[in-house]
Amino acid sequence: MKSIDIKGTARNEFGKKAAKELRKQNLIPCNLYGVERDGKGLPVAKAFTVTTEEVRNLVYTPDILTVNLTIDGVTVLAVMREIQFHPVKDTIQHIDFYQITENKPIVMAVPVKLNGLAAGVKSGGKLEQAMRRVKAKALYNIIPEKIEIDVTPLGIGKAFKVCDLQYEGIEFTSPKEAVICSVIATRAAAATEEAAAE
């Protein structure tokens, strides 16, 4: 998995008013959740800010990335867990990061890439991709940059589901029966079948 370096600055002011002031300065309020726990066993969040420019290559990319996140000189390995956009302006409002370690599995939405020409497409069918990403749970260094699926064997009316994925050391947490891609019949395919029947 590729990585990216991001620098942030710790913040001590909280609440909607403080967040609004930060955004006016082109700063994005962020939280880092990690291995630290409070007295009740709940995750402790470290609040910080980043500039929009600093996270542009993390947010606007189809790739999944690990982040070398440096906050006031201290660097941890993390992944972006959640991002919020303004409903109208589409500007970044908030980002949550999650600190990762070598021995604790994480869940990431991994891009899906379809390879090959499906048998059903050769017969006049149409290949449809229903899922662009699937959720995978594994150690961060095992999760691939993309999930590759060979669609060559798929005939008309056939589908490839999450439960068909086989990757060693990875548990897929998307619904098992969810269809990733399928070949559907078209009018051309139906006409070909009728001609063959006659």
Side-chain angles (χ1 to χ4, degrees), residues 1-113 131-148 165 167-174:
M1 196 186 306
K2 298 174 185 175
S3 64
I4 187 172
D5 296 331
I6 290 178
K7 292 182 180 179
T9 304
R11 61 185 171 100
N12 299 312
E13 296 182 356
F14 309 98
K16 291 182 178 180
K17 186 176 180 181
K20 190 174 182 180
E21 288 301 316
L22 289 170
R23 292 181 191 118
K24 284 182 180 178
Q25 301 170 48
N26 195 35
L27 296 173
I28 303 168
C30 303
N31 286 325
L32 171 66
Y33 295 90
V35 293
E36 292 183 34
R37 294 288 188 272
D38 62 15
K40 296 180 181 179
L42 298 173
V44 176
K46 182 175 182 63
F48 65 101
T49 61
V50 294
T51 63
T52 302
E53 193 60 37
E54 191 74 22
V55 295
R56 187 177 303 280
N57 291 335
L58 172 66
V59 175
Y60 302 105
T61 176
D63 300 325
I64 55 172
L65 305 170
T66 55
V67 179
N68 298 311
L69 180 59
T70 303
I71 303 172
D72 293 345
V74 178
T75 303
V76 299
L77 188 62
V79 290
M80 184 171 65
R81 188 170 74 170
E82 186 177 346
I83 184 167
Q84 298 173 7
F85 292 93
H86 190 281
V88 178
K89 299 177 183 178
D90 205 35
T91 52
I92 304 169
Q93 297 291 284
H94 184 91
I95 303 176
D96 282 341
F97 291 87
Y98 185 81
Q99 184 178 348
I100 55 179
T101 59
E102 292 183 359
N103 56 5
K104 189 174 182 181
I106 60 171
V107 176
M108 295 197 77
V110 184
V112 174
K113 183 176 186 294
M131 296 178 70
R132 300 289 173 181
R133 291 175 179 257
V134 291
K135 290 185 178 180
K137 181 179 181 180
L139 299 178
Y140 84 93
N141 55 358
I142 293 178
I143 295 177
E145 293 181 5
K146 56 181 174 288
I147 299 295
E148 299 198 43
L165 292 171
Y167 276 77
E168 188 175 349
I170 299 178
E171 175 191 350
F172 293 98
T173 58
S174 296

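- The two residues Pro62 and Pro111 have their closest heavy-atom pair at O-CG, 3.3 Å.
- Between Phe97 and Phe48, the angle of the ring planes lies from 30° to 60°, which puts this pair in the tilted group.
- The shortest distance between side-chain heavy atoms of Val110 and Ile64 falls below 4.5 Å.
- Here the straight-line distance linking atom CD1 of Ile28 with atom CD1 of Ile95 works out to 4.5 Å at 0.5 Å rounding.
- Looking at heavy atoms from C-beta onward, Lys2 lies in side-chain contact with Glu145 at the 4.5 angstrom threshold.
- The side-chain heavy atoms of Pro105 and Ile142, taken from C-beta on, include no pair separated by under 4.5 Å.
- Side-chain contact between Gln84 and Glu82 is present, with at least one heavy-atom pair separated by less than 4.5 Å.
- Side-chain N/O atoms of Thr91 and Gln93 include a donor and acceptor closer than 3.5 Å.
- Nearest approach of Pro29 to Thr49, heavy atoms of both residues: CA-CG2, 4.4 Å.
- Summarising the geometry, atom CD1 belonging to Ile6 is positioned 9.5 Å from atom OG1 belonging to Thr70; distances are rounded to the nearest 0.5 Å.
- Across every non-hydrogen atom of Val112 and Met131, the tightest pair is CB-O, 4.1 Å.
- For the pair Lys46 and Val76, the minimum side-chain heavy-atom distance is 4.5 Å or more.
- Using a 4.5 Å cut-off on side-chain heavy atoms (C-beta onward), Phe172 and Ile147 make contact.
- Closest approach of Leu32 to Gln99, counting heavy atoms only: CD1-N, 3.7 Å.
- Contact detail for Asp90 and Tyr60: the closest heavy-atom pair is O-OH, 4.3 Å.
- Between Val79 and Val67, every side-chain heavy-atom pair lies at or beyond the 4.5 Å cut-off.
- When all heavy atoms are compared, the tightest approach of Lys7 to Val50 is O-CG1, 3.6 Å.
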